[in-house]
Structure formats: structure tokens, C-alpha cells
Amino acid sequence: MLDSSFFSPALHPIPSAKPIEAAWLGRCATEVAPDLLGCTLVRRWEDGRCIRGRIVEAEAYTPGDPACHAYRRRTARNAVMFGPAGFSYVYLIYGMYHCLNVVTDADGAPSAVLLRALQLETIPPEANPRNEKPTRVAAGPGKLCRALDIDLSHTETPLKPGQSLWLEHRSPDLTQAWEDGAIAVTQTTRIGISQGIDHPWRWYVTASPAVSKR
DNA sequence: TGAAGGATTTGT
DNA sequence: CAAATCCTTCAC
């Protein structure tokens, strides 16, 4: 039975689940991105405090994709995307926001999945200065990082339990819901880019109130 | 060494 | 629609 809290605008605890391994991420970003919907991002602080968010929106950036930061060549900033899957890639955008990616695909194939929106289980008071609706606090890649206090110091983090960031698989009830086709997913074009605009490489949970844009 | 521009967000 | 704001990239 699907936990109805998945679509609820209120805050609900998210149960821990099996951690996602690097090998699972070592596939094409266009496969991984939709598979990450319904999975959980865990942010752990030095003091051991953790906050979880359910991924409801993601975009894929692939080798040969002109919108990918690694399209032109390997640089200091994008180097992690050229390595093996299972690491974070965080960058600064427009001088004021950070964006969190999950590095995917084989070693040497520069690609990643941009995490664009989460449904949070709890909201740190300092993470919501404008007192937005809880479902909107992590609606958008910049807001997601602001909510979870993610910045450039978090790039190239191995995504494993005990680190500052890791991923967990869908809970059993959500896995069942996906198998049943009970969760509608929308696939469409990516946001904010000027090249590669025709690739339909953005996926989001259709009914989620936390999706950044429609 | 400098200039242009960006996988965003917000308010006008 | 334009501002905020600064790092990265590429040209000179």
C-alpha cells in the first residue's frame, strides 16, 4: 500500500532504505534520472543530524550533450564528471545559487543527473527565510541546495552512508507503486539551457507539489 | 589579464 | 523582464 504522504503538502518522516551503490549509478544518465524519482537524498551534518528529501524532479546531462558542463573539455570544475559514478558534482550558478548533481555512467564518460526538486521530511528554520510553503522549500536546484546547506565544499563527495550526502532506494511501498504504474511521471525538455534544448531529458513526478516548474 | 556569460530565483 | 552576484571559461 502506497504511503499517501508521498503527495501530501505536509511534512512526513521518510523511512531509511537501502543505500544506492555506485554501480547502480554507473549507467547512462538518461536511465538513472527517471530511476532516481522516488528515491531519497540524505544530507548529514558533522554533528550527525540528518535530513531526508524525496527526489521528485531530475535532469540528465550526457557525453556529447552541448548543455553538459563537460561538453567542451575537462577542466578543474567539471573533472569529477569524467570519473566514475557515485560522486557529487556541485557548482555555483549566477553567483548566488548552488546546484547538486549525481555523477553517472562509466569512468571516462562525463555525465551527471541534476537534482532539481525534493519533498523534504523536515525543514531547518534557517533554510526557509521567506517562510514559504513546506513543499516549495526545495522546489528548484538552487533552493534544494540552500535548504540542505550544500555548497562548493560538497563537490566530489563520495555518495555513501556516513558522508555528508548519499542516496537511498525507493521504500518497498514506493517500489510497488512504481511497478503498479500508480505514480505518473512526466518527461519533458530541460530548463534554463540554451543548447541541446530539444532533448526530453527532464523527468518529474507529475502530481508532486514540490516540482520546480511545469 | 579582462570580459562575457551562466543547468537560478525573485520581485517589478 | 531585469537584478543580484561571482566563478569559470575563453579570448587577447
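Throughout, a chain's letter reflects where its sequence line sits, starting with A, and its residues are numbered from 1.
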Test side-chain contact (heavy atoms from CB on, under 4.5 Å) on A:Y204 and A:V56 and set out the steps. CA-CA 5 Å; A:Y204 62 85; A:V56 296; 5.9 Å; no
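In this structure, a donor-acceptor pair under 3.5 Å is absent between the side chains of A:R170 and A:T175. At a cut-off of 3.5 Å, with distance as the only test, a side-chain donor of A:T186 or A:T206 sits close to an acceptor on the other residue.
With C1' as the reference atom, B:dG5 and C:dA2 are 15 Å apart, rounded to whole Å.
Listed by residue number, A:G140, A:P141, A:G142, A:K143, A:R146 are the residues of residues 137-155 of chain A with a heavy-atom contact under 4.0 Å to DNA chain B. Near DNA chain C, meaning a heavy atom under 4.0 Å from it, residues 95-109 of chain A has A:G95, A:M96 in order of number. For the contact set between residues 68-81 of chain A and DNA chain C, defined by any heavy atom under 4.0 Å, the members are A:R72, A:R73, A:T75, A:R77.
Remark: A:R72 engages no residue in a side-chain contact (heavy atoms from CB on, under 4.5 Å) (not counting sequence neighbours). Applying the side-chain contact (heavy atoms from CB on, under 4.5 Å) criterion to A:E31, with sequence neighbours excluded, gives A:R27, A:C28.
Counting non-hydrogen atoms of other residues, nucleotides and ligands closer than 6.0 Å to CD of A:E21 gives a total of 12 or fewer.
Among residues at least two apart or in separate chains, side-chain hydrogen bond (donor to acceptor under 3.5 Å, both in side chains) pairs with a member in residues 102-112 of chain A are A:T104-A:S111. The ring pair (Phe, Tyr, Trp, His ring centres under 6.0 Å) contacts involving residues 23-56 of chain A comprise A:W24-A:H169, where partners must be two or more places apart or lie in separate chains. Sorted by first and then second residue, the side-chain hydrogen bond (donor to acceptor under 3.5 Å, both in side chains) pairs involving residues 192-202 of chain A (not counting sequence neighbours) are A:E57-A:R202. Residue pairs meeting the side-chain hydrogen bond (donor to acceptor under 3.5 Å, both in side chains) criterion with at least one partner in residues 141-154 of chain A, sequence neighbours excluded, are A:R43-A:H154, A:E132-A:K143, A:D151-A:S153, A:D151-A:H154.
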Reading 5' to 3' and counting Watson-Crick or G-U wobble pairs with both distances under 3.5 Å, write the dot-bracket notation for DNA chain C, | for bases paired outside the strand. ||||.||||||.
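Reading DNA chain B from its 5' end, the first and the last nucleotide to sit under 4.0 Å from a heavy atom of chain A are B:dG6 to B:dG11.
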What N/O pairs connect the protein and nucleotides 1-3 of chain C at under 3.5 Å? Give each pair on its own line.
none

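Taking the ring centroids of A:Y89 and A:Y91, they lie under the 6.0 Å cut-off.
Using a 4.0 Å heavy-atom criterion, one finds that A:L114 contacts the bases of the nucleic acid, with or without backbone contacts as well.
Considering all non-hydrogen atoms of both residues, A:Q119 and A:P209 come closest at OE1-CD, 3.5 Å.
For the pair A:K18 and A:E168, the salt-bridge criterion is not met [side-chain N within less than 4.0 Å of a carboxylate O].
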